[in-house]
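Working notes for the structure below.
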Amino acid sequence: MRGVAATEIANRTSEARAGARADRARADEARAGEARAGARAGRGSADEARAGEARAYRARSDTGRADRSRRAELGGFLKARRARLRPEDAGLSPGPRRRTPGLRREEVALLAGVGVSWYTWLEQGRPINASWQVLDAVARALRLNGAERWHLYRLAEAMPVRSLAPAAAVPDAVRDVLGSLDPLPAVLINGRFDIIEANAAHEEMFWDWHSLPCVHKNLLWCAVTEPQARELFLNYDQEIPHMVARLRAAYAQHLGDPEWEEDIRRLAGLSGEFADLWARHEVAGPAARTLRFRHPAAGPMTFTRTELDVSGAADLRVAVYSPLDEATRARLPLTRRGGPR
């Protein structure tokens, strides 16, 4: 009996050892499998990362080639426009005999009021920033017409390209209100100052505002990016900071909105003045404002701008321009394109 028991104990011990070895083998195999899977995942992640880097590199390369082509086109355009002008055309003495026709670079820089090195770099296609104001001075020096100046802004990437407000369904009642306010200029705007709709009095009041075609349809952009805005908007320095502060306040409700973010980034890139005002983080709420304009036909005019919220549309409001004095009221018919009404 003792021999049988000993044998049984030995067998059980052997089985237990075999089971333990099998468990260890399975655990080792599982760890090995996990290691192989991890290695494959690592290789996959590395391959995906390398593929992503390659795509980003190609995108940067394509962008770099496009930028170089654009700057080369800009340089060629400026040289061609410079070559067609004679010194006498710009009121300059022709001086000694010239080896090439047209104005010299330093003469264009002098006429535009910019540095010779800066203008030379612009013509050479170097990656430099150029504001609307400086490009407008270059355009005047080169006597560019409207289409040529527009082309210059495009090539210099100073176009006021922006994300336009999505088409909004304007209720018929709101459209009727806008029309009934005529002859008072009135415009339907949103928190970004996008012009959703305007009555005829507003359109005709600001018909000659732009020296370039209007492509942005926005009250703030129309002021900040227009070279002659300060000549027409007589209290520009008081009202533009207020508009930017209004925009900053409205922005709090649109944080992370791609359209808002891109709109602000683009405008800050075009206008150092806007960028500085935006960086102040000043905010303001709605309030009646006094606006002073110089109209090409009617002369100086002073308005009170009052905003009326549109019920059922939290982001929409009607801005109405009411003459502040009798002189402005008397001149208001002169702003109509077809003559006084």
Side-chain angles (χ1 to χ4, degrees), residues 67 70-95 98 100-162 206 208-216 218 220-237 239-241 244 266-278 293-294 296:
D67 284 344
R70 176 184 54 77
R71 291 196 299 268
E73 180 69 16
L74 172 61
F77 175 70
L78 291 171
K79 291 174 187 175
R81 299 283 76 76
R82 177 166 59 86
R84 72 180 182 179
L85 290 177
R86 300 177 304 163
E88 299 90 328
D89 296 333
L92 300 175
S93 171
R98 295 171 179 248
T100 57
L103 296 177
R104 298 188 177 102
R105 284 174 176 166
E106 56 268 27
E107 291 171 332
V108 175
L110 173 66
L111 292 169
V114 299
V116 176
S117 296
W118 183 90
Y119 179 78
T120 300
W121 293 341
L122 184 68
E123 224 181 67
Q124 289 175 344
R126 298 197 191 186
I128 59 175
N129 293 324
S131 69
W132 272 65
Q133 290 80 3
V134 175
L135 288 174
D136 195 55
V138 171
R140 288 195 299 270
L142 294 175
R143 300 196 169 191
L144 303 185
N145 61 29
E148 291 168 337
R149 183 164 54 171
W150 197 240
H151 187 60
L152 170 64
Y153 288 139
R154 280 188 178 277
L155 292 177
E157 282 200 327
M159 286 283 293
V161 178
R162 65 183 302 271
F206 297 102
D208 295 316
W209 176 270
H210 289 286
S211 58
L212 297 171
C214 178
V215 297
H216 26 71
N218 180 282
L220 181 59
W221 281 66
C222 283
V224 174
T225 63
E226 170 54 44
Q228 62 176 1
R230 274 188 168 84
E231 300 174 15
L232 302 175
F233 196 171
L234 300 181
N235 57 340
Y236 177 103
D237 291 327
E239 290 306 305
I240 294 304
V244 175
R266 186 75 175 119
L267 186 52
L270 285 172
S271 171
E273 176 187 22
F274 172 81
D276 291 341
L277 290 171
W278 185 254
F293 301 109
R294 177 180 291 112

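These values consider heavy atoms only, across backbone and side chains, with no hydrogens, waters or symmetry-generated copies.
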Output for pair (His151 NE2, Asn145 CG), nearest 0.5 Å, gives 11.5 Å

From CZ (Arg126) to OG1 (Thr120), nearest 0.5 Å | 8.5 Å

List, one per line, each side-chain donor-acceptor pair under 3.5 Å for residues 76-83, sequence neighbours excluded.
from: Arg82; atom 1: NE; to: Glu123; atom 2: OE2; distance (Å): 2.9
from: Arg82; atom 1: NH1; to: Leu103; atom 2: O; distance (Å): 2.8
from: Arg82; atom 1: NH2; to: Glu123; atom 2: OE1; distance (Å): 2.8

Side chains of Leu142 and Arg84: closer than 4.5 Å at any heavy-atom pair?
-> no

Contact summary for Ala223 and Ala229, nearest pair of heavy atoms = O-CB, 3.1 Å

Hey, what do you get for CG (Leu110) to CZ (Arg104), rounding to the nearest 0.5 Å?
-> 12.5 Å

Gap separating the OG atom of Ser117 from the CD atom of Glu106, nearest 0.5 angstrom = 11.0 Å

If you take all heavy atoms of Trp209 and Leu232, which pair is closest and at what distance?
-> O-CD1, 3.4 Å

Intermediate values then yes/no, side-chain contact (heavy atoms from CB on, under 4.5 Å), Thr225 and Leu267 | CA-CA 8 Å; Thr225 63; Leu267 186 52; 3.9 Å; yes

Shortest non-hydrogen contact between Ala112 and Ala137, atoms and distance = O-CB, 3.3 Å

Check Ala141 against Val108 and note the closest heavy-atom contact, atom names and distance.
-> CB-O, 4.0 Å

Value for CG (Leu85) from CD (Glu107), rounded to nearest 0.5 Å, stands at 10.5 Å

Salt bridge (charged side-chain N to carboxylate O under 4.0 Å, His left out) with Arg86: which residues, sequence neighbours excluded?
-> Asp89

Heavy-atom donor-acceptor pair, Glu231 side chain to Gln228 backbone, under 3.5 Å = no

Pairwise distance CG(Leu122) to CG(Leu152) - rounded to 0.5 angstrom = 7.5 Å

Return the orientation label for the Tyr236 and Phe233 ring planes: parallel under 30°, perpendicular over 60°, tilted otherwise.
-> perpendicular

